[in-house]
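Position 1 is the first residue of the sequence; numbering continues from there. None of the values given here were measured: they were computed from a predicted structure.
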Amino acid sequence: MSVETVPKNLKNLRACLVCSLVKTFDQFEADGCDNCESVLHLKRNRDNVYDCTSSNFEGMIASCKPEDSWVCKWQRIAKFTKGVYAISVQGRLPPSIVRELRSAGIVYKSRDTSKI
């Protein structure tokens with residue numbers, strides 16, 4: 001697991017609305033999302049960090065071997081990079097981002113399990 005992926009502190013944590021990766025706001029702005037950067041363009045883009053991540057999430061999972069973990073398979077994060085992930089993320093992506101994901105062949109499924 002890359003040290004840059006792990007949140008530096010527990011303040012200002014946010015979770016990606018697409019993959020649920022948890023980082024600080026500053027980490028998302030400096031490095032982008034390790035899984036979704038090619039589509040979300042968070043790096044050096046403050047507005048996209050606000051639009052595509054949420055500070056409203058529940059629980060965290062630290063994953064060192066996501067491909068071997070039944071928990072990661074259950075959470076739909078087994079194919080993502082090692083890191084810390086939220087269990088449930090509340091929020092909605094802007095429609096323009098959803099369209100961009102669709103055009104890139106990515107099926108967007110909400111990470112919000114609070115309604116289930």
Side-chain angles (χ1 to χ4, degrees):
M1 183 180 313
S2 172
V3 177
E4 288 78 34
T5 303
V6 178
K8 304 275 188 238
N9 62 54
L10 296 176
K11 294 181 180 181
N12 300 317
L13 290 180
R14 297 185 72 84
C16 176
L17 289 169
V18 176
C19 71
S20 76
L21 182 69
V22 175
K23 291 182 167 186
T24 63
F25 183 93
D26 292 339
Q27 285 175 300
F28 274 119
E29 189 176 25
D31 307 321
C33 179
D34 298 34
N35 302 304
C36 310
E37 187 58 26
S38 63
V39 180
L40 298 183
H41 315 292
L42 303 180
K43 198 173 191 176
R44 292 186 294 279
N45 191 331
R46 209 169 184 76
D47 290 337
N48 278 11
V49 173
Y50 279 117
D51 289 345
C52 300
T53 65
S54 174
S55 60
N56 193 359
F57 62 89
E58 295 178 11
M60 288 190 277
I61 299 166
S63 173
C64 296
K65 292 186 178 179
E67 65 281 354
D68 295 334
S69 167
W70 70 266
V71 173
C72 291
K73 288 178 181 133
W74 181 264
Q75 288 295 122
R76 302 185 331 256
I77 59 173
K79 294 181 181 174
F80 294 149
T81 187
K82 302 169 188 174
V84 178
Y85 290 85
I87 294 172
S88 177
V89 185
Q90 294 178 341
R92 291 188 174 207
L93 282 174
S96 61
I97 300 290
V98 174
R99 281 192 299 274
E100 191 173 337
L101 287 168
R102 197 175 303 126
S103 69
I106 300 168
V107 178
Y108 171 65
K109 293 182 182 176
S110 173
R111 295 270 171 190
D112 187 356
T113 60
S114 63
K115 299 171 190 152
I116 298 174

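Both Phe28 and Leu93 belong to a single network of hydrophobic side chains, linked directly or stepwise wherever heavy atoms of I, L, V, M, F, W or Y lie under 4.5 Å apart. Residues Leu21 and Val84 are members of separate hydrophobic clusters, defined by side-chain heavy-atom contacts under 4.5 angstrom among Ile, Leu, Val, Met, Phe, Trp and Tyr. Connection of Ile106 to Val89 is established within a shared hydrophobic cluster, with ILVMFWY side chains joined at heavy-atom distances below 4.5 Å, either directly or through further cluster members. When hydrophobic clusters are built by joining Ile, Leu, Val, Met, Phe, Trp and Tyr residues whose side-chain heavy atoms come closer than 4.5 Å, directly or via intermediates, Tyr85 is not grouped with Leu10.
Between Pro66 and Lys82 the shortest side-chain heavy-atom distance falls below 4.5 Å. Here the side chains of Ser20 and Ile77 are in contact, with some heavy-atom distance below 4.5 Å. In this structure, Cys19 and Cys33 have side chains that are in contact, with non-hydrogen atoms separated by less than 4.5 Å.
Side-chain atoms of Arg111 come within 3.5 Å of backbone N or O of Gln75 as a donor-acceptor pair. Under the 3.5 Å distance criterion, the side-chain polar atoms of Gln27 are matched with a main-chain donor or acceptor of Val6. Between the side chain of Asp31 and the backbone N or O of Lys43 there is no donor-acceptor pair closer than 3.5 Å. Distance alone, capped at 3.5 Å, places no donor-acceptor pair between the Ser69 side chain and the Lys65 backbone. In this structure a side-chain-to-backbone donor-acceptor pair under 3.5 Å is present from Ser88 to Thr113. For Asn48 (side chain) and His41 (main-chain N/O), a donor-acceptor pair under 3.5 Å exists by modelled atom type. Judged by distance alone, with hydrogens and angles left aside, the side-chain atoms of Ser54 form a donor-acceptor pair with the main-chain N or O of Gln90 at under 3.5 Å. At distances below 3.5 Å, not a single donor-acceptor pair connects side-chain atoms of Arg14 with backbone N or O atoms of Phe25.
Note on Glu29 versus Arg46: salt bridge recorded, some NZ/NE/NH1/NH2 to OD/OE distance being below 4.0 Å. Note on Asp34 versus Lys23: salt bridge recorded, some NZ/NE/NH1/NH2 to OD/OE distance being below 4.0 Å.
In this structure, CZ in Phe80 is found 13.5 Å from CD in Glu67, a value given to the nearest 0.5 Å. Of the inter-residue distances, the one linking Leu42 atom CG with Arg44 atom CZ reads 12.0 Å to the nearest 0.5 angstrom.
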- In sequence, state the C-alpha distance, the side-chain angles, and the governing distance for Ile87 and Ile61, and then conclude on side chain to side chain contact (heavy atoms under 4.5 Å, CB included). CA-CA 7 Å; Ile87 294 172; Ile61 299 166; 3.9 Å; yes

- Go through the steps for Val22 and Phe57 under the test side chain to side chain contact (heavy atoms under 4.5 Å, CB included), then give the verdict. CA-CA 9 Å; Val22 175; Phe57 62 89; 4.0 Å; yes

- Message: Please determine whether side-chain hydrogen bond (donor to acceptor under 3.5 Å, both in side chains) holds for the pair Asn45 and Tyr50, giving the CA-CA distance in whole Å, both sets of side-chain angles, and the decisive distance to 0.1 Å.
- Response: CA-CA 9 Å; Asn45 191 331; Tyr50 279 117; over 6 Å; no

- Task: Kindly determine whether Thr24 and Asn9 satisfy side chain to side chain contact (heavy atoms under 4.5 Å, CB included), including the steps that lead there.
- Result: CA-CA 7 Å; Thr24 63; Asn9 62 54; 4.0 Å; yes

- Just do the side chain to side chain contact (heavy atoms under 4.5 Å, CB included) check on Leu40 and Val18 with the steps written out, would you? CA-CA 9 Å; Leu40 298 183; Val18 176; 4.0 Å; yes

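Heavy atoms of other residues, nucleotides or ligands lying less than 6.0 angstrom from NZ of Lys73 number more than 12.
Under 3.5 Å, the side chains of Glu100 and Ser103 contain no donor-acceptor pair of N or O atoms.
Nearest approach of Tyr108 to Leu101, heavy atoms of both residues: CB-CD1, 4.0 Å.
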